[in-house]
Amino acid sequence: MSGAAGTAVLAPDDWSVQRPRAVRAWRGFARFCRRKKIGAFGLALTLGMVITAVIGPWVVPYDKDQTFDRPNPKFDLTSFDREALSPTILSRLDSPSWDHLLGTDDKGRDMLTRIILGARLSLQVGIVASALATIIGAALGIVSGYIGGLVDLLIQ
């Protein structure tokens, strides 16, 4: 069929033109997110953790062991009180603020920094443990299937 200005118009049978693979993949992903909301949430959470672990060392605001202190309101050099002799006190268990978004721990360290850097270590441990379990399980399965008999029964 041709249109008024000599342009081709697709007949209803020609509408089944294949879309590019990337478009089909994104539509399939969108369909997954609509149908499996909990699975999509879990995927987003996992991706967020992986991204945080990967870029963490470059975006953390402080060093992992850096401690923070603040001026001591009780400071008095003439006092016999031990707490009043120090000009600063450790920022221990501070509430969240703009300087420390998740507050500080009992040693005066920034919690957000420690969580971000801990995510990296947790991800590494999880990957190594999964790989080790897969290798050991595959080796036992191969031995069990190859030898069979009593060995297969014991391994299973």
Side-chain angles (χ1 to χ4, degrees), residues 16-148 150-156:
S16 61
V17 175
Q18 288 291 320
R19 291 186 175 85
R21 185 177 298 197
V23 172
R24 285 182 295 179
W26 279 109
R27 286 194 176 181
F29 179 72
R31 187 179 319 115
F32 166 76
C33 290
R34 276 194 313 271
R35 290 184 180 170
K36 311 278 186 183
K37 289 180 176 60
I38 294 175
F41 176 73
L43 178 65
L45 200 62
T46 303
L47 283 177
M49 284 296 293
V50 168
I51 290 170
T52 300
V54 170
I55 68 170
W58 295 283
V59 299
V60 291
Y62 307 108
D63 184 52
K64 70 180 174 101
D65 291 324
Q66 182 179 356
T67 58
F68 298 92
D69 51 13
R70 60 180 182 264
N72 187 356
K74 299 179 185 177
F75 177 61
D76 181 17
L77 279 176
T78 61
S79 173
F80 291 108
D81 185 16
R82 210 175 133 166
E83 291 181 10
L85 292 175
S86 175
T88 60
I89 55 173
L90 195 60
S91 294
R92 187 174 287 147
L93 298 173
D94 278 351
S95 299
S97 65
W98 287 111
D99 291 333
H100 308 287
L101 293 177
L102 295 179
T104 59
D105 65 0
D106 61 332
K107 294 181 177 64
R109 300 173 297 195
D110 184 58
M111 289 296 294
L112 178 63
T113 300
R114 297 185 65 79
I115 288 172
I116 289 173
L117 295 176
R120 185 179 189 109
L121 179 63
S122 296
L123 186 66
Q124 290 172 347
V125 167
I127 289 172
V128 168
S130 297
L132 212 65
T134 301
I135 291 169
I136 291 171
L140 286 174
I142 289 170
V143 168
S144 172
Y146 184 73
I147 295 176
L150 182 61
V151 174
D152 179 30
L153 185 63
L154 290 174
I155 290 176
Q156 296 301 322

Asks: Distance from Arg114 atom CZ to Asp63 atom CG, nearest 0.5 Å?
Replies: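 Arg114 CZ to Asp63 CG: 9.5 Å, rounded to 0.5 Å.
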Asks: Take Thr113 and Gln66, measure what side-chain contact (heavy atoms from CB on, under 4.5 Å) needs, and give me the verdict at the end.
Replies: CA-CA 10 Å; Thr113 300; Gln66 182 179 356; over 6 Å; no
Asks: Which atom names give the shortest non-hydrogen contact between Thr104 and Met111, and what distance separates them?
Replies: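 The pair with the smallest heavy-atom distance is C-CG, 3.8 Å.
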Asks: Phe32: what forms a ring-ring contact (aromatic ring centres under 6.0 Å, His included) with it, not counting sequence neighbours?
Replies: none
Asks: Which pair of non-hydrogen atoms, one from Pro61 and one from Asp110, has the smallest distance, and what is that distance?
Replies: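 Minimum heavy-atom contact is CG-OD2, 4.0 Å.
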Asks: Do Leu112 and His100 have side chains that get closer than 4.5 Å, going by heavy atoms?
Replies: no
Asks: Any side-chain heavy-atom pair from Thr78 and Phe80 closer than 4.5 angstrom?
Replies: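 Answer no - side chains too far apart.
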Asks: Hey, is CD1 on Ile38 packed in by over 12 heavy atoms from elsewhere, all under 6.0 Å?
Replies: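 No.
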Asks: Inspect the surroundings of CD in Glu83 and state if more than 12 heavy atoms from other residues, nucleotides or ligands are less than 6.0 Å away.
Replies: no
Asks: Measure the CE-OG distance between Met49 and Ser122 for me, rounded to the nearest 0.5 Å.
Replies: 6.5 Å
Asks: Out of curiosity, Leu140 CG to Leu154 CG, how far, rounded to the nearest 0.5 Å?
Replies: 12.0 Å
Asks: Atom CG of Leu132 and atom CD1 of Ile127: how far apart are they, to the nearest 0.5 Å?
Replies: 13.5 Å
Asks: How close do Ser144 and Gln156 get, heavy atom to heavy atom, and via which atoms?
Replies: OG-NE2, 3.0 Å
Asks: Any side-chain heavy atom of Arg109 sitting closer than 4.5 Å to one from Asp65?
Replies: yes
Asks: Is it true that, when you exclude Arg24 itself, more than 12 heavy atoms of the residues, nucleotides or ligands shown sit nearer than 6.0 Å to its CZ?
Replies: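 Enclosed: over 12 neighbouring heavy atoms sit under 6.0 Å from CZ of Arg24.
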Asks: Heavy atoms, side chains only, cut-off 4.5 Å: are Pro87 and Asn72 in contact?
Replies: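 No. Closest side-chain heavy atoms not under 4.5 Å.
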Asks: Check Pro73 against Pro71 and note the closest heavy-atom contact, atom names and distance.
Replies: CD-O, 3.3 Å
Asks: Considering non-hydrogen atoms only, spot the tightest contact between Val151 and Val143 and give its length.
Replies: CG1-CG1, 4.5 Å
Asks: Give the minimum heavy-atom separation between Val60 and Ile116, together with the two atoms involved.
Replies: CG1-CG2, 3.6 Å
Asks: How long is the span from the OG1 atom in Thr46 to the CZ atom in Phe41, to the nearest 0.5 Å?
Replies: 9.5 Å
Asks: Quick one: pull up OH in Tyr62 and OG1 in Thr67 and give me the separation to the nearest 0.5 Å.
Replies: 12.5 Å
